[in-house]
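To keep things clear, I will list the structure first and then write my remarks on it.
Labels below follow one simple rule: chain letters A, B, ... track the order of the sequence lines, proteins then strands, and each chain is numbered from 1. None of these values were measured; they are calculated from a predicted model.
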There are 2 protein chains.
Amino acid sequence: MARAGTTSSVFNAIAEPRRREIVDMLAFGDERDVTQLVLKLGLPQPAVSKHLGVLRKVGLVAVHKAGQRRLYRLNPQELKPVHDWIQNFERFWTDQLASIKEAAEQKAKQCAAHDRAASNHQPHSKEQDHGH
Amino acid sequence: MARAGTTSSVFNAIAEPRRREIVDMLAFGDERDVTQLVLKLGLPQPAVSKHLGVLRKVGLVAVHKAGQRRLYRLNPQELKPVHDWIQNFERFWTDQLASIKEAAEQKAKQCAAHDRAASNHQPHSKEQDHGH
DNA sequence: TTGATATATTCCCATAACGGAATATACTCG
DNA sequence: CGAGTATATTCCGTTATGGGAATATATCAA
């Protein structure tokens, strides 16, 4: 089995930094035409059109014609699965208690490892917990 | 330029569903050895080890030896860039006003499209600028 | 119509993915 | 030591990428 295609999921689509830049540029709800994106990205126009094609296929952006321009707009709800997934880990950097607990558990493990490694040395009490 | 490597960023690393599953399995702070992950994922052991190698390279997981086992643990802080990025779009599904506004704008566009499609019926003035 | 502008599509190529299969390494036990 | 278990690494083949270059399509303008 080869690598999953960029259009196989939103996660794959946004793995590419240029495509995240495009998404960022549409984050204010503004519509932008391709030329504007080309100028901001500094990429050749065909490359930008191809990235937009990927974003279109996963539903992250929508287009509509306006004269000879194509106006792209963000479809933010398609980003929700990413949000929902990452949200499961938010506590690790949001919840003080959780992170303190994490750190404590980790320190406990490291100390255990140290003790084991240093058990042929002098078992000095290194338990100076600086707190916070 | 070819596709960016899976270890080029956390975004690329978590684009792969199996790797997200691994991350999920470590989300509770437990350490797991490779065999446990193999059993849960239903993948051959070498495949799992390779995925773990990717996660290691981007710093998403850390290992430490315990006898002949390798215990893997999550490094949640490495997920923060993803969280920070996606957070910029949270308002779209959190803020009621914003989503209502979005829906309204979209409906307006659809109506415009309808009007245009139906304009071969009655020659209506097509220059109805909705002023958005 | 002809020409110019805006965007998409196609072909090419170097790169690298992912899983399969086989093998290598590391540690434990007897 | 050798056998067995746990994990990592290497080689392979299929697949798809992303940009470059050239071209196709669509729309406007004169």
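Between B/Leu43 atom CG and B/Arg18 atom CZ the span is 4.5 Å, to the nearest 0.5 Å. Between the CD1 atom of B/Ile22 and the CG atom of B/Leu52 there is a distance of 4.5 Å, given to the nearest 0.5 Å. Annotation: the span from B/Phe11 atom CZ to B/Trp85 atom CH2 amounts to 6.5 Å, rounded to 0.5 Å. A distance of 12.0 Å separates CD of A/Glu21 from CG of A/Leu26, quoted to the nearest 0.5 Å. Here the CD1 atom belonging to B/Ile14 is positioned 10.0 Å from the CG atom belonging to B/Leu55, to the nearest 0.5 angstrom.
Listed candidates were D/dT15, D/dA8, D/dG19. Nearest to the side chain of A/Ala2 is D/dT15. Side-chain atoms of B/Pro46 lie closest to D/dA8 of the nucleotides D/dA8, C/dC18, D/dG19. Comparing D/dG19, D/dA6, D/dG18 by their nearest atom to the side chain of A/His51 picks out D/dG19. Comparing atom distances between the A/Thr6 side chain and each of D/dC11, D/dT17, D/dG19 picks out D/dT17 as nearest. In the set D/dT17, C/dA17, C/dT7, C/dT7 carries the atom at the smallest distance from any side-chain atom of A/Arg70.
In the model, A/Gln87 has no side-chain atom that pairs as donor or acceptor with a side-chain atom of B/His83 under 3.5 Å. For the residue pair A/His51 and A/Arg19, a side-chain donor N or O sits within less than 3.5 Å of a side-chain acceptor on the partner.
Rounding to whole angstrom units, CG of residue A/Asp33 and P of D/dC28 are separated by 14 Å. Taking atom CD of residue A/Gln45 and atom C1' of nucleotide D/dT23, one finds them 12 Å apart after rounding to whole Å. Rounded to a whole Å, the CD atom of B/Glu31 is 16 Å from the C1' atom of D/dA6. Look at CD1 on A/Ile22: it is 14 Å from C1' on D/dG19, rounded to the nearest Å. Computed from coordinates, the A/Gln36 CD to C/dA6 P distance equals 11 Å when rounded to whole Å. In this structure, B/Leu41 places its CG atom 17 Å from C1' of C/dG20, rounding to the nearest Å. Distance A/Asn12 CG to D/dT17 P: 9 Å, rounded to the nearest Å. Taking atom CG on A/Leu71 and atom P on D/dT27, their separation rounds to 14 Å, with Å as the unit.
When side chains are defined from C-beta on, A/Met25 counts as touching A/Leu37, because their heavy atoms get closer than 4.5 Å.
Within the nucleic acid shown, A/Ser49 comes within 4.0 Å of at least one base atom, counting heavy atoms only.
In terms of phosphate contacts, B/Tyr72 brings no side-chain nitrogen or oxygen within less than 4.0 Å of OP1 or OP2 of D/dA6. OP1 or OP2 of C/dT9 has not a single side-chain nitrogen or oxygen of A/Lys50 nearer than 4.0 Å.
Each of A/Leu43 and A/Ala4 has a nearest nucleotide on DNA chain D; the 5'-most of these lies closest to A/Ala4. Toward the 5' end of DNA chain D, the nearer of the two residues B/Val63 and B/Arg3, judged by each one's closest nucleotide, is B/Val63.
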Atom pairs under 3.5 Å: protein N/O with N/O of nucleotides 2-5 of chain C:
unit_1: C/dT5; atom_1: O2; unit_2: A/Gln68; atom_2: NE2; d: 2.8

